[in-house]
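None of the values given here were measured: they were computed from a predicted structure.
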Amino acid sequence: MDMKFDVVVIGGGKAGAKVAASMLEQGKKVAVVSSGLSINNVSLKDIEEKGAVVFAGDTVTGGSFEGSKLVRVSTQKLREVSLEAKAFVLATGGFFSRGLYADMEKVYERALGLDVEFAADREQWFDADFSAPQPFLDFGVKVDQDGRAFKGGVVLENFYAA
């Protein structure tokens, strides 16, 4: 079974809440999937009161693609239900919010395996001076000039990264 929306926002922190609020103001039917209940002093309840359907305490575990479009996502808690939408926005953040993770060779996007821009040489991931700006904080999902994410080197027509 699919629940249908205009926009599904993956991540309920500050960026995700802003995107959801903006889409709601434009009259869109919005769903927000958030692993947390309240992040960065932004209450998901406020977004819900504005009309979003909020799946708090849940995470996206996969998606279905048709060509260069994401069609629906599945979540950890909604086992029998998929969230279908015309557009998707990834707002899960970086390492500290667990939107990205790394092994010894590569940096990964956790929700859907999107392409990530990062230094190929692991020695360039960090500065030995702990107090210096750390390069890994600049790693992120690869996007085009319009903010659309890439998967497997292909730009996704309806998937944006915040």
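Side-chain contact, Q76 with T61: no donor N or O sits under 3.5 Å from an acceptor N or O. Under 3.5 Å, the side chains of Y108 and D103 contain a donor-acceptor pair of N or O atoms.
The two residues T59 and S35 have their closest heavy-atom pair at CG2-CB, 3.5 Å. Closest approach of D115 to G153, counting heavy atoms only: OD2-N, 2.7 Å. Contact between M104 and R122 at its shortest, heavy atoms only, is O-CD, 2.9 Å. Across every non-hydrogen atom of L112 and G62, the tightest pair is CD2-C, 3.3 Å. Scanning all heavy atoms of the two residues, the minimum distance from G12 to V32 falls at CA-CG1, 4.0 Å. Smallest separation of non-hydrogen atoms from S34 and G11: CB-C, 4.5 Å.
With values rounded to the nearest 0.5 angstrom, F55 atom CZ is found 12.0 Å from I10 atom CD1. A distance of 14.0 Å separates CZ in R72 from CE in M3, rounded to the nearest 0.5 Å.
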- Between I47 and L24, is a side chain to side chain contact (heavy atoms under 4.5 Å, CB included) present by the stated rule, with each step listed? CA-CA 9 Å; I47 299 303; L24 289 165; 4.2 Å; yes
- Query: Should F118 and L100 be marked as a side chain to side chain contact (heavy atoms under 4.5 Å, CB included) after you check the CA-CA gap, both sets of side-chain angles, and the distance that decides it?
  - Reply: CA-CA 11 Å; F118 64 95; L100 297 177; over 6 Å; no
- Message: Working note: K29 + D6, criterion salt bridge (Lys or Arg N to Asp or Glu O under 4.0 Å); need CA distance, chi angles, decisive distance, verdict.
- Response: CA-CA 5 Å; K29 185 176 179 184; D6 294 314; over 6 Å; no
- Task: Apply the test side chain to side chain contact (heavy atoms under 4.5 Å, CB included) to residues M23 and V89: give CA-CA distance (whole Å), side-chain angles for both, the deciding distance (0.1 Å), then the verdict.
- Result: CA-CA 11 Å; M23 293 294 105; V89 178; over 6 Å; no
- Starting from the C-alpha separation in whole Å, work towards a yes-or-no answer on side chain to side chain contact (heavy atoms under 4.5 Å, CB included) for T92 and R110. CA-CA 9 Å; T92 54; R110 295 183 70 86; over 6 Å; no
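Other residues, nucleotides and ligands contribute more than 12 heavy atoms inside 6.0 Å of the CD atom of Q26.
Between K28 and F5 the shortest side-chain heavy-atom distance does not fall below 4.5 Å. For the pair N158/F88, a side-chain contact is recorded, criterion being any heavy-atom separation below 4.5 Å from C-beta on.
For the pair K151 (side chain) and L156 (backbone), a donor-acceptor distance under 3.5 Å is absent. Using modelled atom types, no side-chain atom of D146 and backbone atom of R148 make a donor-acceptor pair closer than 3.5 Å. Although no hydrogens or angles enter the test, the distance criterion places no donor-acceptor pair under 3.5 Å between the side chain of E48 and the main chain of A52.
Hydrophobic clustering (side-chain heavy atoms under 4.5 Å, transitive across Ile, Leu, Val, Met, Phe, Trp, Tyr) keeps V154 apart from F65. Cluster annotation: V53 is connected to L90 through the hydrophobic network of ILVMFWY side chains, with a link wherever side-chain heavy atoms come within less than 4.5 Å. Under the 4.5 Å side-chain heavy-atom criterion for ILVMFWY residues, no single connected hydrophobic cluster contains both V71 and V30. Hydrophobic cluster membership is shared by L78 and V73, with clusters built from Ile, Leu, Val, Met, Phe, Trp and Tyr side chains linked at under 4.5 angstrom.
With sequence neighbours left out, the side-chain contact (heavy atoms from CB on, under 4.5 Å) criterion links E117 to K142.
Checking V155, V116, V141 one by one against F150, the side-chain contact (heavy atoms from CB on, under 4.5 Å) holds for a single residue, V155.
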Distance-only criterion, 3.5 Å: show the donor-acceptor pairs between side-chain atoms of residues 126-136 and protein atoms not counting sequence neighbours.
| from | atom 1 | to | atom 2 | distance (Å) |
| --- | --- | --- | --- | --- |
| D127 | OD1 | D129 | N | 2.8 |
| D129 | OD1 | S131 | N | 3.1 |
| D129 | OD1 | S131 | OG | 2.8 |
| Q134 | OE1 | D127 | N | 2.8 |
| Q134 | NE2 | D127 | O | 3.2 |
| Q134 | NE2 | D129 | O | 3.1 |
| Q134 | NE2 | A132 | O | 3.1 |

